[in-house]
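First up is the structure itself, then whatever we jot down about it.
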Amino acid sequence: MISPTLRPSLAPSLSRSNWAQPFPTAAVAHSMSMRFRMMHINGHTKLIGFFGSTYQTSKMYALYNSAIQALGLNYLYVPFAVDDLQQAVAGVRHLGIAAIGITIPYKVAILPYLDALDPMAQRIGAVNLVINRDNRLIGYNTDGSGAVQALQEQTSLQGKPVCLLGAGGAARALAFALSDAGCPLTILNRTPSAAQALAQAIGPTVAWGDYSALPASLTTSTIIINTTPVGMVGSGREADSLVPSALLEPSMVVMELVTNPRETPLLQAASQRGCTLVYGQRMLLWQAVHKFQLYTGVEPPVAVMEQVMGGE
Ligand SMILES: NC(=O)c1ccc[n+]([C@@H]2O[C@H](COP(=O)([O-])OP(=O)(O)OC[C@H]3O[C@@H](n4cnc5c(N)ncnc54)[C@H](OP(=O)(O)O)[C@@H]3O)[C@@H](O)[C@H]2O)c1
């Protein structure tokens, strides 16, 4: 029986003509909608759900379902409207849902309802997916590994000093993963106490401060990463960058986590200064690729996922 607290919005999401809208080409959208029409749902279909405030606007349904279809797997990825998280997690157990993608506001809130955490999720203190293994719910976090893989498309990491702007949830995931990858870290944040707390959680060699330390920090950093919403549509600071253009050098790698717009004021300035760019979409892609591997246990069809996402 479907719990009244779990309202699968599958029907509206698949019948809406705009379900694939966030991704670019009409040809891709058409080919995906043809594939969905040919889907075979049966008694063995495994459900992967999504819990998050963006469940109606998330761009990831087309990405995962296209990857599932490309491999001929018997899975379906669907949004859920959650009104009671504890009951919703109970629903995952009682309905035998195979896995759940998690985003804000549940990345930390869901922890008390899980049975175990992967070591990286444990260190980060937040999850972005949950796997149901024989009714044991295990939390994972692929934000850090996704960011590292996006960076590694452009640069090696071992020994490269990173200046991380921001000390929120995403910064925390990146900081642990970058530290593991051998990057000396400086964490700068509007609220320096948050930067200090994150630095201390990672280790005694991590420097921290507020943005007044940016000019000094950038004299030694080769990689700069914006993990704040500054520059994002709807942030109220769409036109802004935390990094003055004059501080950017052509030898620097500049990474943005913001995905909307694709080219933020920071990336525009970095492009003009001849820096190497890493777009937020690349992290979004790789964290999703890593999730897909965990959801299904099979090698993700990266080219398909990349095509649906529209490339870089
Ligand atoms: N590309 C991807 O795959 C991906 C994945 C995850 C997140 N993201 C993006 O990363 C960004 C941060 O997400 P999050 O989950 O880490 O959020 P969060 O936990 O709320 O943290 C927000 C961080 O940004 C800082 N900040 C917020 N508004 C600011 C402003 N006006 N000026 C300066 N600093 C400001 C905050 O500083 P204070 O501590 O001073 O408040 C904090 O350090 C979002 O834009 C999100 O969409 C992208």
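When a ligand or atom number is given, it counts from 1 through the structure's own listing order.
- Atom 20 (O) of ligand 1 lies below 4.0 Å from none of the non-hydrogen atoms of the protein.
- Distance screen at 4.0 Å: atom 30 (C) of ligand 1 has a protein heavy-atom neighbour inside the cut-off.
- Not counting sequence neighbours, F292 has no partner by the ring-ring contact (aromatic ring centres under 6.0 Å, His included) test.
- Considering both main-chain and side-chain atoms, I104 never comes within under 3.5 Å of ligand 1 through any nitrogen or oxygen pair.
- Closest to atom 37 (O) of ligand 1, if we only count protein heavy atoms, is N189 OD1, 3.2 Å.
- In this model, no donor atom of one side chain and acceptor atom of the other lie less than 3.5 Å apart for Q154 and T276.
- In this structure, atom 32 (N) of ligand 1 lies nearest to the protein heavy atom R237 NH1, 3.1 Å.
- Scanning the protein for heavy atoms near atom 1 (N) of ligand 1, the closest one is L257 O, 2.9 Å.
- Note on L165 and M232: separate hydrophobic clusters, where clusters join Ile, Leu, Val, Met, Phe, Trp and Tyr whose side-chain heavy atoms are under 4.5 Å apart, directly or indirectly.
- Classified by interplanar angle (parallel below 30°, tilted 30° to 60°, perpendicular above 60°), the ring pair F50/Y61 is perpendicular.
- Other residues, nucleotides and ligands place no more than 12 heavy atoms under 6.0 Å from the NZ atom of K46.
- Looking from atom 40 (O) of ligand 1 to the surrounding protein, the closest heavy atom is T191 OG1, 2.5 Å.
- The pair E256-R282 does not meet the salt-bridge criterion, since no charged nitrogen lies less than 4.0 angstrom from a carboxylate oxygen.
- Minimum interatomic distance between L214 and L242 (heavy atoms only, all atoms of both residues): CD2-O, 3.2 Å.
- Linking ILVMFWY residues whenever their side-chain heavy atoms come closer than 4.5 Å, directly or via other members, places I97 and V78 in the same cluster.
- The nearest heavy-atom contact from the protein to atom 41 (O) of ligand 1 is R190 NH2, 2.8 Å.
- On a distance-only criterion, K107 and ligand 1 share no N/O pair closer than 3.5 Å.
- At least one N or O atom of A167 sits closer than 3.5 Å to an N or O atom of ligand 1.
- Note on ring orientation: taking the six-membered ring where Trp is involved, the planes of F51 and F80 are perpendicular (angle over 60°, cut-offs 30° and 60°).
- Distance check on atom 17 (O) of ligand 1: every protein heavy atom falls at or beyond the 4.0 Å cut-off.
- Remark: ligand 1 atoms within the under-4.0 Å shell around heavy atoms of T259 are 1 (N).
- Where the criterion is an N or O separation shorter than 3.5 Å, residue side chain and backbone included, G169 meets it with respect to ligand 1.
- To the nearest 0.5 angstrom, N128 atom CG is 11.0 Å from I110 atom CD1.
- Atom 35 (C) of ligand 1 is approached by the protein to below 4.0 angstrom, counting heavy atoms only.
- V230 has its side chain out of reach of L266: every pair of non-hydrogen atoms, C-beta onward, lies at least 4.5 Å apart.
- Interface atoms of ligand 1 facing G166, defined by a heavy-atom separation under 4.0 Å, are 43 (O).
- Contacts with ligand 1 closer than 4.0 Å are made by heavy atoms of both the backbone and the side chain of L284.
- Among all non-hydrogen protein atoms, the one lying nearest atom 47 (O) of ligand 1 is M232 SD, 4.2 Å.
- Annotation: atom 5 (C) of ligand 1 to nearest protein heavy atom, M283 CE, 3.5 Å.
- Nearest residue to atom 27 (C) of ligand 1 from A170, P229, G280 is P229 (criterion: closest heavy atom).
- At most 12 non-hydrogen atoms from other residues, nucleotides or ligands lie less than 6.0 angstrom from CG of D134.
- Looking only at protein heavy atoms, the nearest one to atom 12 (C) of ligand 1 is T227 O, 3.0 Å.
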